[in-house]
Number of protein chains: 2
Amino acid sequence: MFPTSDTDARLVGKLRDRRLRVTPQRIVIHRALCSQARHMTAEQVLASVSDVLPGTSLPTVYSTLELLEELGLVRRVGAGNGAVVFDSRVEPHAHTVCRRCGAIADLEGASAPKNALSMAAATGFAPDHAQLVVWGLCSACAPRTG
Amino acid sequence: MFPTSDTDARLVGKLRDRRLRVTPQRIVIHRALCSQARHMTAEQVLASVSDVLPGTSLPTVYSTLELLEELGLVRRVGAGNGAVVFDSRVEPHAHTVCRRCGAIADLEGASAPKNALSMAAATGFAPDHAQLVVWGLCSACAPRTG
DNA sequence: ATGACTGCAAACTCTTTGCACAACA
DNA sequence: TGTTGTGCAAAGAGTTTGCAGTCAT
């Protein structure tokens, strides 16, 4: 399989560096995360991948997501309510999570996460990532609630 | 059972306001969260409570924690790795989470979470809580890793 | 050719649910 | 005394593990 985009090339490069195999599943799962609306659950990744690669299994999705996280191509985001999604935007940033519909969106302009890294470092902690989550009601859900 | 401290009085007051019953389990679980090292898992709460009230069950712990959260006396904190802890400090604040030992600590001085609330509000989102998590290695674990 | 990766099925953990007994108000 | 809350046991969801066959290198 040839890389058909920068996205693929980045993954293939990282896999080759580590002497790991370039499999269709890895390519397709990575594409799904980069091209679709990000913030996908494992189930959503499977559904998206299954269109292209029927027969792909959930354990493979999980193990591939874990691998992609190790390669620094994906981040695991805990929404706090137990829901876990995977995000191909890897730099520290902020999310809003709707308590009613569960929607997860990026919150732009919050410099907080990056600042927090240096604050944490000042306490003797060795930070490698930070994430800010804001809970509440999204603009679609807020009007219909008391 | 009489309130023996401000902590108890606050819980009892909130329960009475809602016409809910004041039970030993609720008192003891609330005390555990307020007096012990905070950031306890449900299992840790049960262990702590069992010393005082043997026979207390895990389902009761969960349902009580859910109630305390509704009453605004406790916050559920998702560490992102799947671990969930409960925190009796309820205002928005930041945590550090050690990837090696799992230790969770407060990160003081990060004004980020509060700022994020107003940023989110500006986008049409109706925020009610924010939480910042910094992952990395704590000062105890950092030295022994490459 | 050979060793890593995938798919299937089952196990595992954590949390929630249903029902009968106990206890708060 | 009448409900509400608790405890027990079992169910449920999501994720992980083990093993045999397949496929990338």
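A note on names: the letters A, B, ... follow the listed sequences, proteins ahead of strands, and every chain is numbered from 1. Side chains included, hydrogens not; waters and symmetry mates left out as well; all remaining heavy atoms used.
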> How close or far is atom P of D/dC23 from atom CZ of A/Arg26, stated in whole angstroms?
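After rounding, the reported distance stands at 15 Å.
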> With respect to the phosphate group of D/dT6, does any side-chain polar atom (N or O) of B/Thr23 fall under 4.0 Å of OP1 or OP2?
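It does, given that an N or O in the side chain of B/Thr23 lies less than 4.0 Å from OP1 or OP2 of D/dT6.
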> Measure the distance from CZ on B/Arg76 to C1' on C/dT16 and round it to the nearest whole Å.
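Whole-Å distance recorded here is 11 Å.
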> Tell me which nucleotide among C/dC24, D/dT17, D/dT6 gets nearest to the side chain of A/Pro59.
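Of C/dC24, D/dT17, D/dT6, D/dT17 is nearest to the side chain of A/Pro59.
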> Quick one, B/Gln131 and B/Pro92 - any side-chain contact, counting heavy atoms below 4.5 Å?
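Contact flag for B/Gln131/B/Pro92 side chains = no.
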> Phosphate oxygens OP1/OP2 of C/dG7: is one of them under 4.0 Å from a side-chain N or O of A/Gln25?
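True: A/Gln25 side-chain N/O within range (under 4.0 Å) of C/dG7 OP1/OP2.
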> Between A/Leu53 and B/Glu43, which has a closest nucleotide on DNA chain C that is more 5'?
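Residue closer to the 5' terminus by nearest nucleotide: A/Leu53.
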> For B/Gly55, answer base if it contacts any base atom (sugar-phosphate contacts may also be present), sugar-phosphate if it contacts only those atoms, and nothing otherwise; contact means non-hydrogen atoms under 4.0 Å.
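Sugar-phosphate, no base atom in range.
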> Does the side chain of B/Leu11 come within less than 4.5 Å of B/Thr7's, by heavy atoms?
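Result no, sub-4.5 Å side-chain heavy-atom pair not found.
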> With respect to the side chain of A/Thr56, which nucleotide from C/dG7, D/dG5, D/dT25 is positioned closest?
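Given the options C/dG7, D/dG5, D/dT25, the side chain of A/Thr56 is closest to C/dG7.
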> Below 4.0 angstrom, N of the basic side chain to O of the carboxylate: do A/Asp87 and A/Arg76 qualify?
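No salt bridge links A/Asp87 with A/Arg76.
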> Starting at CZ of A/Arg16 and ending at P of C/dA4, how long is that distance when rounded to a whole Å?
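In whole Å, C/dA4 P and A/Arg16 CZ are 17 Å from each other.
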> Can you tell me if A/Thr60 touches the phosphate of C/dG7, counting only side-chain N or O atoms and a distance under 4.0 Å to OP1 or OP2?
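Result: yes.
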> Just by distance, no angles: are the side chains of A/Thr60 and A/Ser63 close enough, under 3.5 Å, to form a donor-acceptor pair?
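The criterion, which ignores hydrogens and geometry beyond distance, is not satisfied for A/Ser63 and A/Thr60.
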> Rounded to the Å, how far apart are B/Leu58 CG and C/dT16 C1'?
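So the two atoms are 10 Å apart, to the nearest Å.
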> Rounded to whole Å, please give me the gap between CZ in B/Arg18 and P in C/dA25.
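After rounding, the reported distance stands at 16 Å.
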> In whole angstrom, give the distance that lies between atom CG of A/Leu65 and atom P of D/dG14.
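Value for this atom pair: 15 Å.
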> Do B/Arg18 and B/Glu70 touch side chain to side chain, with heavy atoms closer than 4.5 Å?
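Result yes, sub-4.5 Å side-chain heavy-atom pair found.
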> Among the candidates C/dG7, D/dG5, C/dT6, find the nucleotide nearest to the side-chain atoms of A/Ser63.
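Nucleotide nearest to A/Ser63's side chain: C/dT6.
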> When we call it a touch if two heavy atoms are under 4.0 Å apart, what does B/Arg19 touch: a base, just sugar-phosphate, or nothing?
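Result for B/Arg19 = nothing.
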> Please report the distance, rounded to the nearest Å, between CG in B/Leu15 and P in D/dG5.
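Distance, rounded to whole Å: 9 Å.
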> Starting at CD of A/Glu66 and ending at C1' of D/dG14, how long is that distance when rounded to a whole Å?
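A/Glu66 atom CD is separated from D/dG14 atom C1' by 15 Å.
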> Spell out yes or no: do the side chain of B/Arg21 and the base of C/dA25 have one donor N/O and one acceptor N/O closer than 3.5 Å?
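For B/Arg21, whose side chain was compared with the base of C/dA25, there is no donor-acceptor pair (under 3.5 Å).
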